[in-house]
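Before I ask anything, let me first share the structure, which is written out below as structure tokens.
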Amino acid sequence: MANKSSLFQKSLLQSAIKQSVVKLNPKLMFRNPVMFTVEIGTAIMLGVCIWILSGNTTQGSFMYNFIVFLVLLATLLFANFAEAIAEARGKAQADSLRKTREETPAKKVAEVGKIYSHQVDIIPSSQLKKGDLFFCEAGDIIPSDGEIIEGLATIDESAITGESAPVIREAGGDKSSVTGGTKVLSDAITVRVTTEQGESFLDKMIALVEGASRQKTPNEIALTILLAGFTLVFIIVTITLKPFADYANTPITIAAFIALFVCLIPTTIGGLLSAIGIAGMDRALRANVITKSGRAVETAGDIDVLLLDKTGTITIGNRKATHFYPANSIDEKHFIRCVALSSISDDTPEGKSIIELAGLQPQQLSIINPRFIKFTAETRCSGVDFENIRIRKGASDAIKNLCEQAGNKFPEETAAHVHTISANGGTPLVVAENEKIIGVIELQDIIKPGIHERFERLRKMGIKTVMVTGDNPLTAKFIAEKAGVDDFIAEAKPEDKMNYIKKEQAEGRLVAMMGDGTNDAPALAQADVGVAMNSGTQAAKEAGNMVDLDNDPTKLIEVVEIGKQLLMTRGTLTTFSIANDVAKYFAIIPALFIVGIPSLQGLNIMQLHSPESAILSAVIFNAIIIPLLIPLALKGVAYKPIGASALLRRNLLIYGLGGVLVPFVGIKLIDLFVALFI
């Protein structure tokens, strides 16, 4: 999905140039008040040119007025081009996505049954309805979005994510969601369709990247209103200049009035505003994040609090057994054998690491008629029964209760080991044989390399980081301090996440979180920015307002930076646009009145050649600055995690001062060229 191609490909340019003309339609231009008034001015100039051809001599030469008309038309086309090139990039991505949505056969089944024994009906994927079941095996293209309800498969998601490495999806848990257009590489699955036709994840992606479902964000609407206010003010300013000119006995042509108006209103940001918004969503998409609205990207830039799961985000994700602590009077070899036996049926990475640390061969673990006890959230322990022996391993309080109910005490040395392991950021698993404590297993989380630096980067942005974990408070506190997060929620349940988010929001903060399970859905829906993993459940993806195609738990950090970059880009270009008007003022006002009021010559600090060349130079600069800034609008202003006040000073220095100085230089250079032909 991520596309690193050039901003201006030939095919995109051709499409954008065509759309630049189409967008001259007044019905379309009306959505942008600033550029709509420029279009009205352009139409008036066309009328003036026709009037001059009919014999009028009071408005100057036809060639001068016609050049003003052409420059104003170019201003409109450049502004439309900025929006069109942003939209064209989205449409190009949509076309590539459509190739994955080709009509595919679906193996519809009537009911869930044993894998490979299905009676299937081959139907077109377009005939599948929500709730239908279909069967896929190796080599099949998944025909629709759904949840796996039976089986396990390796799936190639490169058509959607751009990631070549296959992923495993299986029934149950939080990795059960599959996306239409992806390919099954091995094994077989039965899937229940979760979306209606036209509402699939792929359909939504296409609509989003095309801009069809893009709505203006609140900040964008507010800025549009501000720009409309500026435009109204300068309409009044321009109109009131007429009586001043009459009083000074200085005739001013219609071309001069319109040129002054167009140069003073913020045409630069007016022409680039829409492109900035579209490009923000486009940058998120190129980071393999699907945003359901531009509002989500923009809100990410204002986030105050970030909730992150410990496992897979802050830690590598798989805890490893690092040490065995047998209880007093318990033989170490016997304890290690019991530990290994309790983990034979434990397929988790933790269970496998226990077997690995025990270092016993399979023949040493052979037992007669074993009955394996699976881990559950209620019992919080697992183990094995064979002959007259019952071995259990699990959370310390769960095993403690089990033993105390049988009348056995919890050894003090074991309690000390549990406390020490927890205090050092580990997870203690207590082992019991026939309801008697025999020792403790130490599991340790491995902090991801560089995660501390990333949290420090967020802190510089003014964002509070919160770790969410099911660990006990001691373990959670140790890992939080080691990783560098600001706060943590220990022994977290779904309602704990929701309550924490509501509490922060009640205090006026914006909250973001990431999740992948059905139990995360309420919190994802409550958060201001909820990022669901593409591998997660359908409930999670529907609850969030973003979907991470890479399933990278740290992607929230990148999303926040994309949001801040969007806000910065809009702010800096607005600053630059308004600062531009200062230089244009010094170019045009002296040119209008210098004949009637010679003392205004002092304001002609650029020493422009003549009133006509001054007006033309200002209008030409006003037009060409728009396409020159298109790459910046599309790529975005580089973001650095510095404080708000430092950021403001930096922007005012670069884009405020630069916005004043650049037009002085540009207009003077254009005037030197224009003077050769006047």
Side-chain angles (χ1 to χ4, degrees), residues 34-35 37-42 44-45 64 67-76 78-79 226-227 229-242 244-245 252-273 572-594 597 600-629 652 655-675 678:
V34 175
M35 301 315 298
T37 57
V38 176
E39 185 171 44
I40 293 174
T42 307
I44 292 173
M45 283 309 304
Y64 168 74
I67 291 173
V68 172
F69 162 74
L70 290 179
V71 174
L72 294 180
L73 180 61
T75 304
L76 290 172
F78 289 152
L226 176 64
L227 297 181
F230 271 122
T231 302
L232 181 60
V233 167
F234 285 118
I235 288 175
I236 297 171
V237 169
T238 306
I239 291 173
T240 55
L241 280 179
K242 174 62 175 169
F244 281 106
I252 300 178
T253 63
I254 294 174
F257 276 121
I258 291 177
L260 174 65
F261 170 70
V262 170
C263 287
L264 291 184
I265 63 174
T267 49
T268 306
I269 186 61
L272 296 173
L273 185 59
T572 51
L573 289 182
T574 301
T575 302
F576 184 86
S577 177
I578 295 173
N580 262 223
D581 295 338
V582 176
K584 298 171 193 170
Y585 177 89
F586 280 101
I588 296 180
I589 292 295
L592 294 179
F593 292 98
I594 202 166
I597 310 176
L600 287 178
Q601 179 64 38
L603 290 178
N604 186 18
I605 58 178
M606 286 181 274
Q607 297 298 307
L608 301 179
H609 179 265
S610 67
E612 290 79 11
S613 72
I615 291 171
L616 278 179
S617 299
V619 176
I620 291 172
F621 176 85
N622 190 67
I624 64 175
I625 196 63
I626 294 176
L628 291 177
L629 290 174
L652 287 177
Y655 295 95
L657 184 60
V660 173
L661 297 180
V662 168
F664 276 98
V665 177
I667 291 172
K668 179 60 179 178
L669 292 176
I670 294 171
D671 178 73
L672 293 175
F673 177 77
V674 170
I678 293 181

> Looking at F78 and A623, what are the two nearest heavy atoms and their distance?
Replying inline: CD1-O, 3.2 Å

> So do the side chains of F261 and V38 get within less than 4.5 Å of each other, counting heavy atoms only?
Replying inline: no

> Quick one: does N580's side chain have a donor or acceptor within less than 3.5 Å of a partner on F576's backbone?
Replying inline: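 Yes, N580 side chain to F576 backbone: donor-acceptor pair under 3.5 Å.
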
>> Checking F244 now: which residues fulfil ring-ring contact (aromatic ring centres under 6.0 Å, His included) with it, not counting sequence neighbours?
In response: none

>> More than 12 heavy atoms of other residues, nucleotides or ligands under 6.0 Å from CZ of F230: yes or no?
In response: no

> Would you call T268 and L573 a side-chain contact if the rule is heavy atoms closer than 4.5 Å?
Replying inline: no

> Got a sec, which residues hit side-chain hydrogen bond (donor to acceptor under 3.5 Å, both in side chains) with D671, two or more places apart in sequence or on another chain?
Replying inline: S613

>> Do F234 and L260 have side chains that approach each other closer than 4.5 Å (heavy atoms only, starting at C-beta)?
In response: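 When only atoms from C-beta onward are counted, L260 and F234 do not touch, as no gap falls below 4.5 Å.
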
> Between M35 and G271, what is the shortest heavy-atom contact and its length?
Replying inline: SD-N, 3.9 Å

> Less than 4.5 Å apart, any side-chain heavy atom of V262 and any of V619?
Replying inline: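 Not touching, per the 4.5 Å side-chain cut-off.
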
> For the side chain of T267 and the backbone of C263, is there at least one donor-acceptor N/O pair under 3.5 Å apart?
Replying inline: no

>> In the structure I gave you, are the side-chain heavy atoms of L76 and L72 within less than 4.5 Å of one another anywhere?
In response: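 L76 vs L72: side chains apart.
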
>> Are I44 and I254 packed together at the side-chain level, in the sense that at least one heavy-atom pair is separated by less than 4.5 angstrom?
In response: yes

> Do the side chain of K242 and the main chain of I252 share a donor and acceptor less than 3.5 angstrom apart?
Replying inline: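 No; judged by distance alone, with no hydrogens or angles, the pair does not exist.
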
